[in-house]
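Have a look at the structure below, then the notes.
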Amino acid sequence: MRYDGLFLLLRERGIRRTELVKKGVLSAETLMRLRRNESVSLHTIEHLSRYLDCGLFDLMASDSAAENEINRENGERNAVFRHKMGANQHKT
């Protein structure tokens, strides 16, 4: 698994990696694991996606091209779902 999407998203939003540690979003050890593309728990990825208001597949990708295409499609579905959920929240 690769976490290039996470670091690209942080760069685009002007968020420093150390800021995630200082705010208690991640431990320094988990941040290092992500930087090395080592395994982390799904709970960690979910926590990051909620904090950054993005989909799981915006943060991670597999090493194979076929799996990356599936992840891209899932990311698009996540975006549509988040959009629909946001629209539904405004109706209530």
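Quick caveat: nothing in here was measured; it's all calculated off a predicted structure.
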For Thr18, all residues meeting side chain to side chain donor-acceptor pair (under 3.5 Å), sequence neighbours excluded: none

Residue pairs involving residues 12-21 (criterion salt bridge (Lys or Arg N to Asp or Glu O under 4.0 Å); sequence neighbours excluded): Glu19-Lys23

Check: Gly5 main-chain N/O paired with Asp58 side-chain donor or acceptor under 3.5 Å: no

Salt bridge (Lys or Arg N to Asp or Glu O under 4.0 Å) contacts touching residues 25-35 (sequence neighbours left out): Arg33-Glu38

Check: Val25 and Val21 side chains under 4.5 Å, non-hydrogen atoms: no

Side chain to side chain donor-acceptor pair (under 3.5 Å) against Asp4, all qualifying residues, sequence neighbours excluded: Arg2

Connected via hydrophobic side-chain network under 4.5 Å: Leu52 and Leu8: no

Rounded distance (nearest 0.5 Å) linking atom CG of Leu59 with atom CZ of Phe7: 10.0 Å

Distance in Å, Leu48 CG paired with Leu20 CG, rounded so as to fall on 0.5 Å steps: 6.5 Å

Value rounded to 0.5 Å, distance of CG in Leu6 from SG in Cys54: 8.0 Å

With sequence neighbours excluded, residues passing side chain to side chain donor-acceptor pair (under 3.5 Å) with Thr44: Ser41

Residue pairs fulfilling salt bridge (Lys or Arg N to Asp or Glu O under 4.0 Å) with at least one residue in residues 42-52, sequence neighbours excluded: none

